[in-house]
Engineer: 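Let me begin by handing over the structure; questions about it come next.
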Amino acid sequence: MMEQYTENMALQAMFSAPFLQGVIDLLKALGYTFQDSDSIILTFTTQKVNEEILNSCNVSRVPNGLYQCATGLIVAEFLMTKKNMGQVDGLTLNFEPVLKSIQEGDTNIVWATDAGQSPEQRFDTFIGYLLAGRAQFVSYRRLKW
């Protein structure tokens with residue numbers, strides 16, 4: 001099913017099938033398990049990011065230098081859509097704080113993140129990191145006449 005999806009998307013969104021497989025692989029690496037209904041959302045977010053890049057840069061196809069940026073934007077848009085729909089339960093990405101240091105004598109543990117942040121806030125920070133790639137558009141911007 002995913003192979004058919006990537007072939008159809010390559011034609012619709014002007015991204016190649018290997019590129020789209022990379023997006024799917026990244027989502028899987030983040031711990032997301034695909035369901036049948038996900039192909040529609042992924043199609044929408046892929047087309048949205050494609051149009052955003054084309055319109056922001058005023059180009060007819062996505063520049064090669066923006067493919068990694070596009071991957072991050074598609075993943076961010078997909079995960080935000082799933083979050084807004086209340087469907088991120090299948091995501092196994094761990095947003096718990098990581099250890100900064102452990103002291104053995106009298107056992108002292110220090111966490112590397114702000115104790116005031118919830119897992120949802122860390123998820124939003126991760127999405128913000130992925131969306132920050134939009135700043136790269138300026139390097140490929142063409143003027144409209």
Side-chain angles (χ1 to χ4, degrees), residues 1-103 109-145:
M1 179 177 162
M2 279 297 142
E3 291 173 6
Q4 181 183 6
Y5 166 76
T6 55
E7 289 172 11
N8 291 340
M9 282 305 304
L11 296 174
Q12 293 175 13
M14 296 192 293
F15 287 116
S16 68
F19 168 82
L20 293 170
Q21 188 59 50
V23 171
I24 293 167
D25 291 344
L26 179 57
L27 282 166
K28 287 180 181 179
L30 293 174
Y32 188 80
T33 305
F34 278 91
Q35 301 170 2
D36 289 339
S37 61
D38 290 337
S39 63
I40 295 169
I41 296 168
L42 193 57
T43 298
F44 172 77
T45 56
T46 300
Q47 290 173 339
K48 182 177 185 280
V49 168
N50 182 64
E51 290 174 7
E52 179 182 358
I53 292 171
L54 297 181
N55 292 332
S56 294
C57 296
N58 191 31
V59 293
S60 58
R61 64 188 251 347
V62 176
N64 289 336
L66 290 180
Y67 278 100
Q68 291 301 318
C69 173
T71 301
L73 293 175
I74 292 168
V75 168
E77 292 284 344
F78 178 83
L79 292 176
M80 282 303 294
T81 301
K82 296 298 277 186
K83 177 187 174 193
N84 290 332
M85 294 172 62
Q87 298 178 356
V88 290
D89 294 337
L91 186 65
T92 59
L93 188 60
N94 186 359
F95 288 102
E96 294 302 316
V98 294
L99 275 169
K100 183 175 182 180
S101 68
I102 298 175
Q103 181 181 358
I109 298 174
V110 179
W111 299 98
T113 186
D114 181 16
Q117 282 194 329
S118 69
E120 181 179 10
Q121 289 170 322
R122 287 189 288 280
F123 176 82
D124 292 339
T125 300
F126 175 70
I127 297 298
Y129 163 75
L130 293 174
L131 293 174
R134 289 182 172 131
Q136 297 177 38
F137 291 179
V138 72
S139 297
Y140 299 92
R141 176 84 174 96
R142 297 192 183 208
L143 295 175
K144 289 184 182 181
W145 292 102

Engineer: Looking only at heavy atoms, what is the nearest atom pair of T81 and T45, with distance?
Structural biologist: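 Scanning both residues completely, I find the closest heavy atoms to be OG1-CG2, 4.0 Å.
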Engineer: Would the distance check show the side chain of R142 and the main-chain N or O of C57 forming a donor-acceptor pair, the cut-off being under 3.5 Å?
Structural biologist: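 Flag not set: sc R142 to bb C57 has no pair under 3.5 Å.
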Engineer: Could you walk me through whether L79 and F123 pass side-chain contact (heavy atoms from CB on, under 4.5 Å), step by step?
Structural biologist: CA-CA 10 Å; L79 292 176; F123 176 82; 4.0 Å; yes
Engineer: Mark yes or no for whether N50, through its side chain, and T46, through its backbone, hold a donor-acceptor pair below 3.5 Å.
Structural biologist: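 No: the side chain of N50 does not pair with the backbone of T46.
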Engineer: Check A76 against L131 and note the closest heavy-atom contact, atom names and distance.
Structural biologist: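 Closest heavy-atom pair between A76 and L131: CB-CD2, 3.6 Å.
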Engineer: Quick check: closest heavy atoms across L143 and N58, and the distance to 0.1 Å?
Structural biologist: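 So the two residues come closest at O-ND2, 3.2 Å.
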Engineer: Let me see the working for L130 and F126 under side-chain contact (heavy atoms from CB on, under 4.5 Å), right down to the final yes or no.
Structural biologist: CA-CA 6 Å; L130 293 174; F126 175 70; 3.7 Å; yes
Engineer: Carefully, step by step, assess I74 and L26 under the rule side-chain contact (heavy atoms from CB on, under 4.5 Å).
Structural biologist: CA-CA 10 Å; I74 292 168; L26 179 57; over 6 Å; no
Engineer: Please give me the minimum heavy-atom distance between G133 and C69, naming the atom from each residue.
Structural biologist: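 For G133 and C69, the tightest heavy-atom pair comes out as O-SG, 3.1 Å.
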Engineer: Once you round to the nearest 0.5 Å, how far does NZ of K82 lie from CD1 of I41?
Structural biologist: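 Separation between the atoms: 4.0 Å.
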Engineer: Not counting sequence neighbours, which residues clear ring-ring contact (aromatic ring centres under 6.0 Å, His included) with F19? List them please.
Structural biologist: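 F19: ring-ring contact (aromatic ring centres under 6.0 Å, His included) contacts with F15, Y67.
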Engineer: Please, which pairs that meet salt bridge (Lys or Arg N to Asp or Glu O under 4.0 Å) have at least one residue in residues 65-79, sequence neighbours excluded?
Structural biologist: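 Qualifying pairs: K48-E77, E77-R134.
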Engineer: Would you name the heavy atoms of V49 and A70 that are closest together and state the gap between them?
Structural biologist: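 Smallest heavy-atom distance, with atoms named: CG1-O, 4.1 Å.
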Engineer: Could you go through the side-chain contact (heavy atoms from CB on, under 4.5 Å) check for L42 and V23 one step at a time?
Structural biologist: CA-CA 9 Å; L42 193 57; V23 171; 4.3 Å; yes
